[in-house]
Engineer: 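Can you read through this structure? Questions will come right after.
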Protein chains: 2
Amino acid sequence: MRVGLDVGGTKTDAVAVDDAGVIVGRLRVPTGWGPDAVGQTVVDAVRALGAEAGVDLAAVLSVGIGIPGQIEPGTGRVVHAVNLGVESLDLAAVVAPQLGVPVQVENDVKAAALGAHALHSGGSPTPGSMAYLNLGTGIAAGIVSDGVLWRGARGTAGEVGHISVDPNGPLCRCGQRGCIESFAGGGAVAERWGRRAALPVRDVFDAADAGDAEARELRAGLARGVAAAIRVLVLTADVDIVVLGGGVTALGDRLMTDVAAELSASAEASPFMRSLRLQERVELLPPGSPAAALGAAIVGAQGDATHDTEEALVHG
Amino acid sequence: MRVGLDVGGTKTDAVAVDDAGVIVGRLRVPTGWGPDAVGQTVVDAVRALGAEAGVDLAAVLSVGIGIPGQIEPGTGRVVHAVNLGVESLDLAAVVAPQLGVPVQVENDVKAAALGAHALHSGGSPTPGSMAYLNLGTGIAAGIVSDGVLWRGARGTAGEVGHISVDPNGPLCRCGQRGCIESFAGGGAVAERWGRRAALPVRDVFDAADAGDAEARELRAGLARGVAAAIRVLVLTADVDIVVLGGGVTALGDRLMTDVAAELSASAEASPFMRSLRLQERVELLPPGSPAAALGAAIVGAQGDATHDTEEALVHG
């Protein structure tokens, strides 16, 4: 049995996965703010799997944690997790003594990439490659090849959000102009839209449908940014498929129709782009999919180096 | 002993590499035009290594060929090698009977990436990753991780030349606007410059130095395109280093100064880009380096699956 947690800005998803890769328990708890509360959230979530979801905690061999922030390579330390009020926290060292099992920590998008790959491959040990493109407040991707995460040299693999695709584009919070994230990041869109709304990107889509010119421009820019990220991932890493996930994908078909139109326009302009068949290679992660928590469970199993179980989880 | 050939548009480089990875013979022959002449060029080049460079052809275990075109996955067939007058040619099947050893065929940029990696790692078995960015008539890259070429799902890994970085940029021959290649490809620059010159990109640089406004714009665009390709490779694949090669790099420091200024400008604008230390991660392939032919020899050895020799060649 492996446990995986996806520590989000407001809520934490927890799953328990058996040795065959089947999710046998699943729940959600609110995430605390700041280093101490984040650590406590992790411990509480695991205990709740036992108390509320009926998971046999004595059978748990590892806990994997996905968290939005940079993970110092080779450690369980997360830094710059600004949405959690965490500047630097050795999360593995803090929670492992209380949990009594090995703990691995991974960036949440990278974990979700592993989880999306496992969900996509179903029970079959499919080789091949996938990029998971997370459309949330920011834009980032994780690349998985033959079941293994492409980590890169310094931990920036998949940071396609900060590739500039327009020298005259909006100023990005990173300091550059025209970054993919400045067009398609939920945070950037909300900031430029300026209206208060519980779901600002949805508000932009609604206003665009109602004919608002500024909203239509923002909406078109978002689709252009997402399409650009897909092209970058296929032209650079040549992944078989690009799976879209993250909060903005709650827009579902409204988003996908726009993105498909963008991809179709470049395919019409360019025989080379047409030959890539990009539209056939893009998929939406099913709503409510536990990709990130499942991926965290895989990270925990891989860190524990119990190879058979890792295989079962990756391909489960 | 392994032989590697780099079949270029006008000349073919040939090397013979011993089991320790040392280049023991090297020469250059003119490349013929069309399928028959290209096949003959390969056979002639190998025979010349014996006759003129003193290579013991009886000791040759494999021949690897790098060629500008698409290679059908899992075959020795090259298609769309337009610069060689070849629409489709099963090169391995044509030359292997005459050479009497296994023949492997690879795209020339991918072969050069393997060769650049071997040259860069010297005698030491360095892990890590590298992108080889070829600046020639077109722009393409090959990515090598831990000595292994990243082939991708459908053979387009490293095709960064056709990522658009400016929706108002020049029309690319691929049909899109503002592709990296439309700014930085030697062919695109020569076409927009329009003046007849033996070395059109050098002519642009000379005219820019002399104050010509159009030449200065073309030169600035070239540096912007190269810098964009470097950013894409590091932000997507997070390679340790990017090695620049290809005909346009004959401009040496004149090119590198412009590219460094572009990378420096984005580092000044963006703390995130600054943290990537891109300038320290870019290198120029030494002029006259036999990277592509050496890489082709590695491809031949890998295809032959003689693992010890492959290791020696990769790290030789």
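Quick note: numbers below take in every heavy atom, side chains included, and nothing from hydrogens, waters or symmetry partners. Letters A, B, ... are given to chains in the order of the sequence lines, protein chains preceding strands, and every chain is numbered from 1.
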Engineer: Out of Ala153(B), Gly175(B), Gly152(B), which one racks up the most heavy-atom pairs below 4.5 Å with chain A?
Structural biologist: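 Sorted descending by pairs with chain A, the first entry is Ala153(B).
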Engineer: Name the option with the most non-hydrogen atom pairs under 4.5 Å to chain B; the candidates are Ala131(A), Ala140(A), Gly158(A).
Structural biologist: Gly158(A)
Engineer: Please report, to 0.1 Å, the donor-acceptor pairs under 3.5 Å made by any side chain of residues 213-230 of chain A, with sequence neighbours excluded.
Structural biologist:
unit_1, atom_1, unit_2, atom_2, d
Arg219(A), NE, Asp258(A), OD2, 2.8
Arg219(A), NH1, Phe205(A), O, 3.4
Arg219(A), NH1, Asp209(A), OD1, 2.8

Engineer: Quick one: which of Ala237(B), Pro271(B), Ser266(B) has the most heavy-atom pairs under 4.5 Å with chain A, could you say?
Structural biologist: Ala237(B)
Engineer: Using non-hydrogen atoms and a 4.5 Å limit, figure out which bit of Thr156(A) sits close to chain B: side chain, backbone, both or neither.
Structural biologist: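 The answer is both parts of Thr156(A).
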Engineer: I need the contact set between residues 76-87 of chain A and chain B: heavy-atom distance under 4.5 Å, sorted by residue number.
Structural biologist: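 Residues qualifying by a heavy atom under 4.5 Å from chain B are absent, so none.
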Engineer: Going by heavy atoms in the side chains, are Asp166(A) and Asp166(B) under 4.5 Å from each other?
Structural biologist: yes
Engineer: Tell me whether the count of non-hydrogen atoms from other residues, nucleotides or ligands lying under 6.0 Å of CZ in Arg173(B) goes above 12.
Structural biologist: no
Engineer: For Ile143(A), is it the side chain, the backbone, both, or neither that has a heavy atom closer than 4.5 Å to a heavy atom of chain B?
Structural biologist: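 Side chain only.
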Engineer: Between Arg177(A) and chain B, with a heavy-atom cut-off of 4.5 Å, which part of the residue counts as in contact: side chain, backbone, both or neither?
Structural biologist: neither
Engineer: Please classify the contact of Val239(B) with chain A as side chain, backbone, both or neither, using a heavy-atom distance under 4.5 Å.
Structural biologist: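 Contact with chain A involves the backbone of Val239(B) alone.
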Engineer: Measuring from atom CH2 of Trp150(A) to atom OG of Ser129(B), what distance do you get when rounded to the nearest 0.5 angstrom?
Structural biologist: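 Rounded to the nearest 0.5 Å, the CH2-OG separation comes to 6.0 Å.
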Engineer: State, with a plain yes or no, whether a side-chain heavy atom of Arg281(A) is found less than 4.5 Å away from one of Arg154(B).
Structural biologist: yes
Engineer: If you count heavy-atom pairs within less than 4.5 Å of chain B, which of Ala157(A), Ala265(A), Gly178(A), Ser275(A) leads?
Structural biologist: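 Heavy-atom pair counts peak at Ala157(A).
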Engineer: For Leu276(A), which atoms come within 4.5 Å of any heavy atom of chain B: side chain, backbone, both, or neither?
Structural biologist: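 Interface part for Leu276(A): both.
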Engineer: Do Ile163(B) and Thr236(A) have side-chain heavy atoms sitting under 4.5 Å apart?
Structural biologist: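 Side chain of Ile163(B) against side chain of Thr236(A), heavy atoms only: contact under 4.5 Å found.
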Engineer: Go through it in stages, so that I can follow the logic: the residues are Glu159(B) and Arg231(A), the test is side-chain contact (heavy atoms from CB on, under 4.5 Å), and I'd like the CA-CA distance, side-chain angles, deciding distance and then a yes or no.
Structural biologist: CA-CA 10 Å; Glu159(B) 288 285 357; Arg231(A) 289 190 205 102; over 6 Å; no
Engineer: Once rounded to the nearest 0.5 Å, what's the spacing between atom NE2 of His162(B) and atom CE of Met273(A)?
Structural biologist: 9.5 Å
Engineer: Is the backbone N or O of Gly155(B) less than 3.5 Å from a side-chain atom of Asp238(A), with the two atoms forming a donor-acceptor pair by type?
Structural biologist: yes
